[in-house]
Amino acid sequence: MHYDLCNMRTVRELMDKYSVSTKKSFGQNFLVNPAVPQRIARAAASMAGSPSGVIEIGPGAGALTQCLAEEFDRVVAVELDRGLIPLLGEALGEYDNVSVAEGDFLATDLPAFIEEHFSDITGAGGTVGICANLPYYITSPVIMKIMESFDPSKPMPLAFMTFMVQTEVARRLAAPAGSADYGSITASIALRADVSKLFDVSPGNFLPPPKVTSSVVMMVPHKGITGFPETPADEVEIRRFDSKVKNLIALAFGMRRKTLVNALSAAYGKAEVAEALGKCGLRADIRGEKLSAADFCRLASYL
Ligand code: SAM
């Protein structure tokens, strides 16, 4: 049987049948305008290869899952809310390319999960990506978990990450270095992926409507730290260099108001930092928030 999972009445009836209600504590704002999940699924699919697999974080009542099922060869969704699992079983019963796993995405071993569910797809030269209308209370932990799940000395085994996030967060993720929205999360993600904001989604497209405007972002992994010219060639050295760059970013943004020389002085010594900045062609009084991911890599190579 086919369910229109963006139809508020259908969703309410299914929720009544399974005695569940939307939970604020799980960040549940379900999409109720079919044009939105369709656009998200198509944007994600435009980055996929063939055969194609996608992991969905938080299928909720299945609105986005249904659209992903139309676009991808396989969808594996991870849902934290146990009460939604039987509902999803019925709502998505018509799709034999969808499976739903109950669990906390933040506790998932992502490389093992990809191996378990998609090894035939990757083995056949296909791609896997991640797509979600994210629960906003864990946006940064989810994104950082994905970034940290894979060995930095190898390319990330993901073709895309397509996420609905709060507009304010989308601005931060896609901010250019030196702008007001630029922060440690921007620089950390830029080490591994290119980010662009695709479109905005107003609160009326959700049930219940969130208090803020949302936006869809596309994050496409690039070569990672190995793509920066200063990165060493040896695998062990790459991992060490990656930690060093991340540590620099954390120190720089931990003391955002300080100049980089002062923020890094305890770790590296003022004179050394000033000299390294000079070698990078950067001013001695520059603040960390002006440095791009590439600048942080260059600086790390001189420290
Ligand atoms: N995908 C649905 C949609 O677009 O209508 C629901 C999106 S809703 C914003 C977020 C979903 O993520 C909810 O179903 C919520 O229960 C689920 N969720 C929250 N925390 C989670 C976690 N740690 N792991 C997996 N799913 C989670």
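In listed order, ligands and their atoms are each counted from 1. The shown structure was predicted, so the numbers you read here are calculated from the model rather than taken from an experiment.
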Enumerate the atoms of ligand 1 whose separation from the nearest heavy atom of [X] is less than 4.0 angstrom.
X: Gly27; answer: 8 (S), 9 (C), 10 (C)
X: Phe105; answer: 22 (C), 23 (N), 24 (N), 25 (C)
X: Leu80; answer: 20 (N), 21 (C), 22 (C), 23 (N), 24 (N), 25 (C), 26 (N), 27 (C)
X: Val78; answer: 25 (C), 26 (N)
X: Gly103; answer: 24 (N), 25 (C)
X: Asn29; answer: 7 (C), 8 (S), 9 (C)

Within reach of ligand 1, part of Pro59 (heavy-atom separation under 4.0 Å) = backbone
Tell me which part of Ile138 gets within contact of ligand 1: side chain, backbone, both or neither, using heavy atoms under 4.0 Å.
-> side chain
In the protein, which heavy atom is nearest to [atom], and how far is it?
atom: atom 12 (O) of ligand 1; value: Gly58 CA, 3.2 Å
atom: atom 18 (N) of ligand 1; value: Pro135 CG, 3.8 Å
atom: atom 19 (C) of ligand 1; value: Phe26 O, 3.2 Å
atom: atom 23 (N) of ligand 1; value: Asp104 OD1, 2.8 Å
atom: atom 3 (C) of ligand 1; value: Asn133 ND2, 3.6 Å

With a 4.0 Å cut-off, would you call Lys246 and Asp242 a salt bridge?
-> yes
Salt-bridged, Glu168 to Arg172, with N to O below 4.0 Å?
-> yes
Take atom CD in Glu237; do more than 12 heavy atoms of anything else shown fall under 6.0 Å from it?
-> yes
Lys23 atom NZ, over 12 foreign heavy atoms within 6.0 Å = yes
Is there a donor-acceptor contact under 3.5 Å linking the side chains of Glu275 and Tyr302?
-> no
Please tell me if the side chains of Met164 and Leu64 come closer than 4.5 Å, counting only heavy atoms from C-beta onward.
-> no
Quick one: does Ile55's side chain get under 4.5 Å of Val128's, heavy atoms only?
-> yes
Look at the rings of Phe113 and Phe118 and say which category their plane angle falls in: under 30° parallel, 30 to 60° tilted, over 60° perpendicular.
-> tilted
Could you go step by step and tell me if Val54 and Phe160 meet the side-chain contact (heavy atoms from CB on, under 4.5 Å) rule?
-> CA-CA 9 Å; Val54 64; Phe160 61 86; 4.0 Å; yes
Between [X] and ligand 1, does any nitrogen or oxygen pair lie at a separation below 3.5 Å?
X: Leu31; result: yes
X: Glu56; result: yes
X: Leu84; result: no

Whether Thr10 side chain and Cys6 backbone form a donor-acceptor pair below 3.5 Å | no
Compute the minimum heavy-atom distance from Ala61 to ligand 1 and say whether it is under 4.0 Å.
-> no
Touching ligand 1 at all, Tyr137? Heavy atoms, strictly under 4.0 Å?
-> yes
Return the option from Met164, Glu79, Gln28 holding the heavy atom at the smallest distance from atom 14 (O) of ligand 1.
-> Glu79
Going by the side-chain contact (heavy atoms from CB on, under 4.5 Å) test, name the single residue among Thr139, Leu173, Leu134, Val195 that passes it with Phe163.
-> Leu134
Glu94/Gln66 under side-chain contact (heavy atoms from CB on, under 4.5 Å): CA gap, chis, key distance, verdict | CA-CA 10 Å; Glu94 68 177 302; Gln66 194 168 48; 4.2 Å; yes
